[in-house]
Amino acid sequence: MTRNWVTPVIYTLIALAVFYVGVQLFTNTSSFLSSIVMMIGIAVLIYGAIYFFFLRNRIGSGANRNEMRKYKQAVKQSKQKHKAPKPVKAAKTNAAASKSTSLQKKKSKRKQPSHLRVIEGNKNNKKDRASF
């Protein structure tokens with residue numbers, strides 16, 4: 001039963017607020033605009049303070065930050081591994097070209113250690129399949 005009278009009251013308040021804003025906009029425009037800018041500025045300051053003191057530490061904290069750091073490192077290593085070699089310019093002499101290709105071969109042989117590792121286990125203890 002309380003909903004029956006609450007809804008018209010809310011609509012009436014909203015209509016009065018819109019009417020007041022319209023009257024202020026047409027009669028006292030400079031004061032209205034300065035108060036709007038002031039309200040927006042205060043809202044931004046309050047939001048910034050709440051974010052700085054409460055939300056900033058919660059969003060990127062602990063395990064999330066550590067996992068993100070590991071993910072970025074893995075992406076970086078993957079990009080380095082799959083990076084296409086740069087084309088060699090034809091203007092170089094044969095000796096310089098052979099030196100650069102030999103350096104590239106040496107570089108390609110030396111691979112970065114992978115971020116994945118093998119977990120050592122009992123490899124020699126194979127189960128006897130006849131005992132099943």
Side-chain angles (χ1 to χ4, degrees):
M1 286 297 205
T2 59
R3 278 193 136 171
N4 292 339
W5 65 271
V6 172
T7 306
V9 169
I10 290 175
Y11 285 138
T12 305
L13 287 174
I14 290 173
L16 286 173
V18 169
F19 177 72
Y20 178 74
V21 167
V23 168
Q24 285 293 317
L25 184 62
F26 289 117
T27 59
N28 198 0
T29 307
S30 62
S31 175
F32 173 74
L33 291 177
S34 67
S35 65
I36 291 291
V37 169
M38 186 79 82
M39 282 190 279
I40 290 173
I42 290 172
V44 166
L45 286 176
I46 290 172
Y47 177 76
I50 289 172
Y51 177 79
F52 183 76
F53 289 115
F54 298 110
L55 299 177
R56 180 180 61 147
N57 293 332
R58 188 183 322 161
I59 289 173
S61 66
N64 242 1
R65 186 181 299 163
N66 197 15
E67 288 177 14
M68 187 56 79
R69 188 181 309 134
K70 287 180 182 179
Y71 172 74
K72 286 181 181 178
Q73 174 119 10
V75 167
K76 184 178 175 184
Q77 286 179 351
S78 178
K79 283 183 180 180
Q80 286 176 351
K81 182 178 180 182
H82 298 292
K83 185 171 61 172
K86 294 180 182 178
V88 180
K89 293 182 180 179
K92 292 183 179 182
T93 61
N94 287 339
S98 65
K99 284 183 183 179
S100 65
T101 55
S102 65
L103 288 175
Q104 285 178 355
K105 286 180 184 177
K106 286 181 183 178
K107 285 183 182 178
S108 65
K109 287 181 184 177
R110 251 191 269 153
K111 292 185 179 179
Q112 294 288 333
S114 176
H115 62 283
L116 303 174
R117 60 189 167 119
V118 176
I119 300 173
E120 296 293 328
N122 286 336
K123 296 176 185 174
N124 296 332
N125 287 343
K126 293 182 180 178
K127 293 184 180 180
D128 186 15
R129 299 207 182 266
S131 65
F132 285 110

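It should be emphasised that the depicted structure is a prediction, and the values quoted were computed from it without experimental measurement. Start at 1 with the first residue, then count along the sequence.
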| So I10 and I14, side chain to side chain contact (heavy atoms under 4.5 Å, CB included) or not? Walk me through it. | CA-CA 6 Å; I10 290 175; I14 290 173; 4.0 Å; yes
Are [X] and [Y] connected, step by step, through hydrophobic side chains (Ile, Leu, Val, Met, Phe, Trp, Tyr) whose heavy atoms are closer than 4.5 Å?
X	Y	answer
I46	F53	yes
F54	V44	no
V9	V6	yes
F19	F26	no
I40	V21	yes

Spacing of [atom1] belonging to [X] relative to [atom2] belonging to [Y], to within rounding of 0.5 Å:
X	Y	atom1	atom2	answer
Y71	K76	OH	NZ	15.0 Å
E67	K72	CD	NZ	13.0 Å
K81	S78	NZ	OG	7.5 Å
L45	I50	CG	CD1	11.0 Å

| Less than 4.5 Å apart, any side-chain heavy atom of F32 and any of T27? |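 SC-SC contact between F32 and T27 ruled out.
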| request: Determine the minimum heavy-atom distance between T12 and P8, stating which atoms define it. | output: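 For T12 versus P8, the nearest heavy atoms are OG1-O, 2.6 Å.
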